[in-house]
Amino acid sequence: MTGAPVLNQTHLFLPSKTPLGCPETSSRSKEQESLSLLKRCRNMEELKQVHARILKLGHFCDSFCAGNLVATSALSAWGSMDHACSIFQQINEPGTFVCNTMIKGHVKAMNWDKALLLYCEMLETGVEPDNFTYPVLLKACAWLLAIEEGMQIHGHILKLGLENDVFVQNSLISMYGKCGELELSCTVFEQMDQKSVASWSAIIAAHANLGMWCECLMLFGDMRRKGWRAEESTLVSVLSACTHLGALDLGRCSHGSLLRNISALNVIVQTSLIDMYAKCGCLEKGLCLFQKMTKKNQLSYTVMISGLAVHGHGRKALELFSAMLQEGLAPDAVAHLGVLSACNHAGLVDEGLRCFNRMKGEHKIQPTVQHYGCLVDLMGRAGMLKEALQLITSMPIRPNDVIWRSLLSACRVHKNLEIGEIAANMLFQLNSQNPGDYVVLSNMYAQAQRWDNMARTRTEMASKRLTQTPGISLVEVKRRVYKFVSQSHHQCDGVYKMVHQMEWQLRFEGYSADTSQVLLDVDEEEKRERLKYHSQKLAIAFALIHTSQGSPIRIVRNLRMCSDCHTYTKFVSMIYEREITVRDRNRFHHFKDGNCSCRDYW
């Protein structure tokens, strides 16, 4: 019986035991039978049969029956918004419940514009919205980034006196956050008399949306101190913050909270955990979680491929990409970017070129400027400067500053001034405001002893008043993240004493500062002093002071590591017997016993 269509379950149509002479009771009984059938519908065919029955019995005029028909069609996983719209248009005076259902159905079907238009129709026809109207309507505004409409709706909420409804308030926080209006999100949050877990989750997500990772963690700390237990969505935002800050210990705590509070982690959460571990320098744990996943999707593979890429495991990334194809999962543009990045960091030129051609030919994906940039960087690192220049000039899309800067950087490494000048001039034509472009070119002129050109380049840089972005390094110590800025003299005295002590020991072991990295017109002593206070060295000194002997050190940088810091950190790992992991703008470096995982190729 359970497998039969609902209208074939004939016991529902047996004569009613309702006494004769009570037509009202009989009609009500049949209406209840129709609603019971409606709840048991499993597809559109069955729904249409029940719809026909309701029309035949004359129950469609009943707003409750019509509303349930709309709800089943609009909100069921197998439903149809087109059918729901056709039913809705037949209702003479739809009430608040039916309109709310239709708005919810449009948002579920990602017809966000239609949801807003229906709300306007509600207002025009005099149907009064209620506290169930606004949460889903604000979600449509968030998806559309329709901040003006969202603010107008906020005004309607205030007029109707619904501003203290916790669900409406949470939706306002979320909407403002997704539209980038953090101040308004915070205002709504602070004015709440009674907050819920969802309120905290929304305000943390609002900060995460703008990349305010430290503030995310501070809010999470406040939430826990006030006795709230984080839900799944909150912990996903916290994991994102840990990922970007390299805060592994906090990420582990969040993982523990997830395991304690949630019986089964979904694919999105599992993928977020893999991403966090990989980007916090703990690749082995990320791989372990990936291998334990019972169900992997395209995003899971892409995140793991990218994780292997930034750690320099190019061959393993290619093997995983092949496994993804064997699973029947079609790679997208992001997956191919991860593979190209893996080839780039590992110096796999032929494999990278094959991947690029396969992406265009076999998978029919048009390369973006990021794909071309990866390929130019790959060829440039390998010394294929002419080929890289030829690729840039033949690109079907206009090369951006990142592509020309990659070529300029490669020319500096391989001392090719001719192509370097071409790359630099293209950057200047693009009105580059990056002082590093001028510094690299002037340094190349200095190495070629073309002093007039060097002076002219530096004069032009000075006339534009360009200043170098200061290097910043983050280090996690005892579950707190500390920030160090290059050349900053506002750090604690103990750090500077430790830096002096480290330098003395390093020199004794054979370290010599690479003053060619300081591209300023100062004497050698001043250059050595400037190198001494690079942010990475300050962060390492702080970690050596405040962590136990033998414990690992993890650092996140905002800029690419200079060769002097690279050599310096290799010496520190050997002398102080520490494993040091550094994540710069491009990849991870794992230092141990005086060696680096990149094998000096970065």
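Positions are given from 1, in the same order as the sequence printed here. Heavy-atom basis, side chains included; hydrogens, waters and symmetry copies ignored.
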query = side-chain contact (heavy atoms from CB on, under 4.5 Å) between Leu217 and Leu250: does it pass, once the steps are laid out?
reply = CA-CA 9 Å; Leu217 296 184; Leu250 282 167; 3.6 Å; yes
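- Side-chain atoms of Asp564 come within 3.5 Å of backbone N or O of Asp514 as a donor-acceptor pair.
- Met561 approaches Asp584 most closely through the heavy-atom pair N-OD2, 3.4 Å.
- Classification of the Phe321-His336 ring pair by plane angle, with boundaries at 30° and 60°, yields perpendicular.
- Closest of all the heavy-atom pairs between Ala202 and Ser174 is CB-N, 4.3 Å.
- We find that Lys537 and Glu503 are not joined by a salt bridge, their nearest charged nitrogen and carboxylate oxygen being 4.0 Å or further apart.
- For the pair Phe290 and Thr271, the minimum side-chain heavy-atom distance is 4.5 Å or more.
- Shown here are the side chain to side chain contact (heavy atoms under 4.5 Å, CB included) partners of Arg224, two or more places apart in sequence or in another chain: Phe220.
- Taking both residues in full, the closest heavy atoms of Cys179 and Ala142 are given as SG-CA, 4.4 Å, listed atom of the first, atom of the second, then distance.
- A donor-acceptor pair is defined here as one N or O able to donate and one able to accept, closer than 3.5 Å; no such pair exists between the side chain of Asp249 and the backbone of Arg252.
- When all heavy atoms of Val499 and Ala541 are compared, the closest pair comes out as CG2-CB, 3.8 Å.
- Rounding to the nearest 0.5 Å places CG of Leu258 at 4.5 Å from CG of Leu235.
- A ring-centre distance under 6.0 Å is found for His590 and His311.
- Side chain of Ser535 to main chain of Val485: no donor-acceptor pair is present (N/O by atom type, distance under 3.5 Å, no hydrogens or angles).
- Here the side chain of Asn558 pairs a donor or acceptor atom with the backbone of Pro470 at under 3.5 angstrom.
- Proximity of Thr569 to His589: side-chain heavy atoms (C-beta onward) are nowhere separated by under 4.5 Å.
- A donor-acceptor pair under 3.5 Å is absent between the side-chain atoms of His566 and the main chain of Cys596, judged by distance alone.
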key: Intermediate values then yes/no, side-chain contact (heavy atoms from CB on, under 4.5 Å), Trp404 and Ile392   = CA-CA 8 Å; Trp404 288 114; Ile392 295 171; 3.5 Å; yes
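- Counting heavy-atom neighbours within 6.0 Å of Trp112 CH2, excluding the residue itself, gives a total above 12.
- Between Asp600 and Lys570 a salt bridge is recorded (basic side-chain N to carboxylate O distance below 4.0 Å).
- Ring pair Phe484/Phe542 is tilted by interplanar angle, where 30° to 60° counts as tilted.
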request  = Tell me, with the steps shown, if Tyr445 and Glu421 meet side chain to side chain donor-acceptor pair (under 3.5 Å).
outcome  = CA-CA 10 Å; Tyr445 281 136; Glu421 283 183 311; 2.6 Å; yes
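- Using the six-membered ring where Trp is involved, His255 and Tyr277 have ring planes that are perpendicular, over 60° apart on the 30 and 60° scheme.
- Other residues, nucleotides and ligands contribute at most 12 non-hydrogen atoms within 6.0 Å of the CD atom of Glu418.
- The 12-atom threshold is not exceeded at CD of Gln390, counting heavy atoms of other residues, nucleotides or ligands nearer than 6.0 Å.
- Scored by the side chain to side chain contact (heavy atoms under 4.5 Å, CB included) test, Ile397 finds Val369, Tyr372, Met395 as partners (sequence neighbours excluded).
- The pair Arg354-Asp350 fails the salt-bridge criterion, with no side-chain N (NZ, NE, NH1 or NH2) lying under 4.0 Å from an Asp/Glu carboxylate O.
- Lys364 places a side-chain N or O within 3.5 Å of a backbone atom of Gly361 that can act as its donor or acceptor partner.
- Under the rule for a side chain to side chain contact (heavy atoms under 4.5 Å, CB included), the partners of Val310 that lie at least two apart in sequence or sit in another chain are Phe588.
- Taking the ring-ring contact (aromatic ring centres under 6.0 Å, His included) definition, one finds that His313 meets it with nothing, sequence neighbours left out.
- Taking both residues in full, the closest heavy atoms of Ile204 and Ser237 are given as CG2-CB, 3.7 Å, listed atom of the first, atom of the second, then distance.
- Exactly one of Thr547, Ile553, Ile545 qualifies for a side-chain contact (heavy atoms from CB on, under 4.5 Å) with Val477. That residue is Thr547.
- Residues passing the ring-ring contact (aromatic ring centres under 6.0 Å, His included) test with His371, sequence neighbours excluded: none.
- With hydrogens and angles left out, the side-chain atoms of Gln536 and Tyr568 include no donor and acceptor closer than 3.5 Å.
- Remark: of the listed residues Ile268, Val267, Leu289, Ile305, Val267 is the sole one forming a side-chain contact (heavy atoms from CB on, under 4.5 Å) with Ser300.
- The side-chain heavy atoms of Arg583 and Arg554, taken from C-beta on, include no pair separated by under 4.5 Å.
- Atom CG of residue Leu375 and atom CG of residue Asn344 lie 9.0 Å apart, to the nearest 0.5 angstrom.
- Checking side-chain atoms of Ser442 against main-chain N and O of Tyr438 turns up a donor-acceptor pair under 3.5 Å.
- The side-chain heavy atoms of Glu476 and Val556, taken from C-beta on, include no pair separated by under 4.5 Å.
- Contact detail for Met324 and Ala335: the closest heavy-atom pair is CE-CB, 4.3 Å.
- Considering OG of Ser306 and CG of Leu337, their distance stands at 7.0 Å, rounded to 0.5 Å.
- More than 12 heavy atoms of other shown residues, nucleotides or ligands fall within 6.0 angstrom of atom CD in Glu362.
- Counting heavy atoms from C-beta on, the side chains of Leu248 and Met276 come closer than 4.5 Å.
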task = Test Tyr533 against Val495 for side-chain contact (heavy atoms from CB on, under 4.5 Å), laying out the working first.
result = CA-CA 10 Å; Tyr533 299 118; Val495 171; over 6 Å; no
message = Assess the residue pair Arg381 and Val349 against the criterion (side-chain contact (heavy atoms from CB on, under 4.5 Å)); give the C-alpha distance rounded to whole Å, side-chain angles, the decisive distance to 0.1 Å, and a yes or no.
response = CA-CA 9 Å; Arg381 288 178 192 225; Val349 180; over 6 Å; no
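- For the pair Leu348 and Arg315, the minimum side-chain heavy-atom distance is below 4.5 Å.
- Within a 6.0 Å sphere centred on CD of Glu577, other residues, nucleotides and ligands contribute 12 heavy atoms or fewer.
- In this structure, the side chains of Ser573 and Lys592 stay at 4.5 Å or more apart for every pair of heavy atoms.
- Side-chain contact between Pro331 and His363 is present, with heavy atoms from C-beta onward closer than 4.5 Å.
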key: From CA spacing to verdict: side chain to side chain donor-acceptor pair (under 3.5 Å), Asn443, Arg412   = CA-CA 8 Å; Asn443 192 49; Arg412 177 183 61 82; over 6 Å; no
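- Sorted by first and then second residue, the salt bridge (Lys or Arg N to Asp or Glu O under 4.0 Å) pairs with a member in residues 385-405 read Asp401-Arg405, Arg405-Asp437; sequence neighbours excluded.
- With hydrogens and angles ignored, the 3.5 Å screen pairs no side-chain donor or acceptor of Arg557 with any backbone N or O of Gly471.
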